[in-house]
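Below is one structure, written out as structure tokens, with a few remarks after it.
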Amino acid sequence: MTITEHAALVRRFAEDFTALQEAVLARMNGICPEETAAALEHASLAGPIAIALAHADVLARGDVRRAELSGRPAERLRRLREHARKVRRARSRADAVCKEQRARRTAGLSRPVETLELRVVRVAYPQAYATALREELRDRGVPEGTPRVPESDLAQWAWDRRSAGGEPPAPVRALLDHSDDAFVQALLRDAREEENPHLPHDAVAGRWNRHARSALAWGRYAIARAERDALARPLTARHAQLDALDDAYQDTAVLAARAREARLRAADLHDRMRACAATGPVAELVAQCRAAALVRFATAEPESWHGVRELTAGHRAHCAERAGDCPHCHHALAAALTGAGEDGDGTAATAPADRDRYALLDDLPDTAVVAVADAAVGDESALCGHGWAAEDGTTGYGDSMASSSGEAEVIGICAAALSLLRRHEEVPVVVLCDSVEAVGATNAALDRADPAAAHRTLLFPEGRHLMDRLLRHRDRVQVRWLKGHVGHDLNETADALAGLSLRRATGRVSPLAARKEEARILRSLGPGDRPSSAAA
């Protein structure tokens, strides 16, 4: 193949998504012509290939799910599952290629290594150094807040300086003026109706990337609803529901491809911002501001500065990396100065999981009812399962819709707390959960008496409705973190019930098998405390 033919093939693949995807899948299956395989190796196609495989991955999983729900022969199902696994592996390799390309592209954009003293001060005394830097920026006439750098958002500040005065087109301004919910709706229209050509604009790309995951979650929500409708019908009467499921997978495949494109666009923008900030007068100004801020710190905190200089000078005398100004040593030196552990609070970090879990409850009254909640999520749809087990011997499980594992865990917390609140009047209810995100989101809502405090985690109406109900009892509810999968009986029971609930909701376990597995799970708690269980 001539160079001209090769270039024409590369250009065709860059412009024709369907042709590119077909070629990529043919290469995956070992039936790709040599000239096509050679063209697919072109560096400019790495991103488009990752996008095409993100799309194909969802479609392949959709083929498997429809086959499962339509009762296809086992041999047909086996082939579909093998194809889906091959697509998933190809997608992972394509993502790795994109990552390697970016690493090579940005290898020369790293900021110069700062002096050891400056790095130690920034880590050991962050507030004092930040104050010194703000004073330096103010004296140089750099507005505080906008821009917020050189320190806090260097790349964005430099990019804004370079692009100042450029007014984006009206459709781009309209996207920027959207609320978050309206922006997600625009992303859904982009996937389901007509592609929006303004999303890749530099002014929008970052926001597109931030909200693409939410739009994709709504695609998985549509899959879950169609899946539920199909499972509610007999196997022989699911034709219309399976067609709706196919439509949902088609839309979600586009959402997945556009989400991957958004990530690539945002990464490219960030790299260009970094390049703008890493060289020329901007980089020089940043270096000057940081050095001057260090001088201000030394003047304002002479004792601390003396300790920094003494410690760094002694360290350099014996450090094997002193020729490079000890590039990796500043965190240890800062910890030595402040006496802080890894968490930087001056005390040795001790995770709650290192203690007996009952030590977490030693401040509770004897009347408190304690439960552990857990959740399970699947890959294909937004269906999730949740389960809980309480020290009063009761358990429960159910299914719902969740955009993430964090949302599923919040649903599990709410379900456990609401069930125990109904069973026990006027006593405190404490729910333990092994998800840091879920505990934080629930406590934020409880502390502020405002469900909106958890809405960053709770995307779907099911979880938001449960949180609204829980807030009516906020004075009787506490939620605490517990490390999971370390042998606690209640935690293991809650986890097993959540997994059972997810399999039951997705039709992957028969009602009879589900009852047997539930009985086995409850027996595992031991004969001395045999709880009752309720499926929500």
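Basis for what follows: all heavy atoms, side chains included, without hydrogens, waters or symmetry-related copies.
The residues Arg265 and Asp202 are annotated as not salt-bridged, no charged nitrogen and carboxylate oxygen being separated by less than 4.0 angstrom.
Remark: the backbone N or O of Gly398 is paired with a side-chain donor or acceptor of Ser501 at under 3.5 angstrom. In this structure, Ser304 contributes its side chain and Glu301 its backbone to no donor-acceptor pair below 3.5 Å. Arg464 contributes a side-chain N or O that, together with a main-chain N or O of Leu458, makes up a donor-acceptor pair within less than 3.5 Å.
With sequence neighbours excluded, the residues satisfying ring pair (Phe, Tyr, Trp, His ring centres under 6.0 Å) with Tyr125 are Phe297. Remark: Arg78 pairs with Glu75 by the side-chain hydrogen bond (donor to acceptor under 3.5 Å, both in side chains) rule, at least two apart or across chains. For the ring pair (Phe, Tyr, Trp, His ring centres under 6.0 Å) test, no residue two or more places apart in sequence or in another chain qualifies with His83. Scored by the side-chain contact (heavy atoms from CB on, under 4.5 Å) test, Arg89 finds Glu82, Arg85, Lys86, Arg93 as partners (sequence neighbours excluded). The ring pair (Phe, Tyr, Trp, His ring centres under 6.0 Å) search around His211 returns Phe183, not counting sequence neighbours.
Considering only heavy atoms from C-beta on, Leu432 comes within 4.5 Å of Val370 through its side chain. Proximity of Leu421 to Leu470: side-chain heavy atoms (C-beta onward) are separated by under 4.5 Å at one or more points. You'll find the side chain of Met467 stays beyond 4.5 Å of the side chain of His455, heavy atoms only. Contact annotation: the side chain of Leu199 approaches that of Leu187 to within less than 4.5 Å [non-hydrogen atoms, C-beta and beyond]. Considering only heavy atoms from C-beta on, Leu255 comes within 4.5 Å of Leu188 through its side chain. Between Arg238 and Pro234 there is no side-chain heavy-atom pair separated by less than 4.5 Å. Looking at heavy atoms from C-beta onward, Val430 lies out of side-chain contact with Val369 at the 4.5 angstrom threshold. When side chains are defined from C-beta on, Leu459 counts as touching Ser214, because their heavy atoms get closer than 4.5 Å.
Minimum heavy-atom separation, Ala124 to Thr338: O-CG2, 3.5 Å. Contact detail for Cys98 and Ala50: the closest heavy-atom pair is SG-CB, 3.8 Å. Taking both residues in full, the closest heavy atoms of Leu490 and Ala390 are given as CD2-O, 3.9 Å, listed atom of the first, atom of the second, then distance. Closest of all the heavy-atom pairs between Cys414 and Leu466 is CB-CB, 3.8 Å. The minimum heavy-atom distance between Val477 and Ala417, with the atom names listed, is CG1-CB, 4.4 Å. Taking every heavy atom of both residues into account, Ile223 and Ser381 meet most closely at CG2-CB, 3.5 Å.
Atom CD1 in Ile521 sits 9.0 Å away from atom CG in Asp495 (nearest 0.5 Å). Distance check, rounded to the nearest 0.5 Å: CZ of Arg192 to CG of Asp247 gives 11.0 Å.
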Quiz prompt | From CA spacing to verdict: side-chain contact (heavy atoms from CB on, under 4.5 Å), Ser70, Gln241 | solution = CA-CA 10 Å; Ser70 61; Gln241 288 70 30; over 6 Å; no
Quiz item: salt bridge (Lys or Arg N to Asp or Glu O under 4.0 Å) between Arg508 and Glu380: does it pass, once the steps are laid out?
Solution: CA-CA 13 Å; Arg508 290 186 166 95; Glu380 295 87 359; 3.7 Å; yes
Quiz item: What do the steps show when you test Glu492 against Ser524 for side chain to side chain donor-acceptor pair (under 3.5 Å), and what is the final call?
Solution: CA-CA 9 Å; Glu492 297 302 323; Ser524 69; over 6 Å; no
Exercise. Assess whether side-chain contact (heavy atoms from CB on, under 4.5 Å) is satisfied between Asn491 and Asp434, documenting all intermediate values.
Key: CA-CA 9 Å; Asn491 186 219; Asp434 60 10; 4.1 Å; yes
Quiz item: Where do Arg228 and Met401 land on the side-chain contact (heavy atoms from CB on, under 4.5 Å) test, with the steps shown first?
Solution: CA-CA 11 Å; Arg228 272 184 169 175; Met401 306 277 207; 3.8 Å; yes
Practice problem: Quick one: do Arg102 and Asp271 satisfy side-chain contact (heavy atoms from CB on, under 4.5 Å)? Show the steps, please. | Solution: CA-CA 9 Å; Arg102 187 184 183 198; Asp271 293 344; 2.9 Å; yes
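Under the salt bridge (Lys or Arg N to Asp or Glu O under 4.0 Å) criterion, the residue pairs touching residues 55-65 are Asp57-Arg61, Asp57-Arg88, Asp57-Arg91, Asp63-Arg66, Arg65-Glu68, Arg65-Glu227, with sequence neighbours excluded. For residues 249-259, the side-chain hydrogen bond (donor to acceptor under 3.5 Å, both in side chains) pairs, not counting sequence neighbours, are Asp190-Arg258, Arg258-Glu261. Listed by first then second residue, pairs satisfying ring-ring contact (aromatic ring centres under 6.0 Å, His included) with a partner in residues 412-441 number zero, not counting sequence neighbours. For residues 400-419, every residue pair satisfying the side-chain hydrogen bond (donor to acceptor under 3.5 Å, both in side chains) rule, not counting sequence neighbours, is listed here: Ser403-Glu407. Applying the salt bridge (Lys or Arg N to Asp or Glu O under 4.0 Å) test to residues at least two apart or on different chains, the pairs with a partner in residues 205-225 are Asp180-Arg207. Among residue pairs with one or both ends in residues 215-234, those qualifying as ring-ring contact (aromatic ring centres under 6.0 Å, His included) are Trp218-Tyr221, Trp218-Phe460, Tyr221-Phe460; sequence neighbours excluded.
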Kindly list each side-chain donor-acceptor pair under 3.5 angstrom involving residues 440-451, sequence neighbours excluded, with atom names and distances?
| unit_1 | atom_1 | unit_2 | atom_2 | d |
| --- | --- | --- | --- | --- |
| Thr442 | OG1 | Ala438 | O | 2.8 |
| Asn443 | ND2 | Val439 | O | 3.3 |
| Asn443 | ND2 | Val479 | O | 3.0 |
| Asp450 | OD1 | Ala452 | N | 3.0 |

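A side-chain donor from one of Arg134 and Thr131 sits under 3.5 Å from a side-chain acceptor of the other. Under 3.5 Å, the side chains of Asp181 and Ser179 contain no donor-acceptor pair of N or O atoms.
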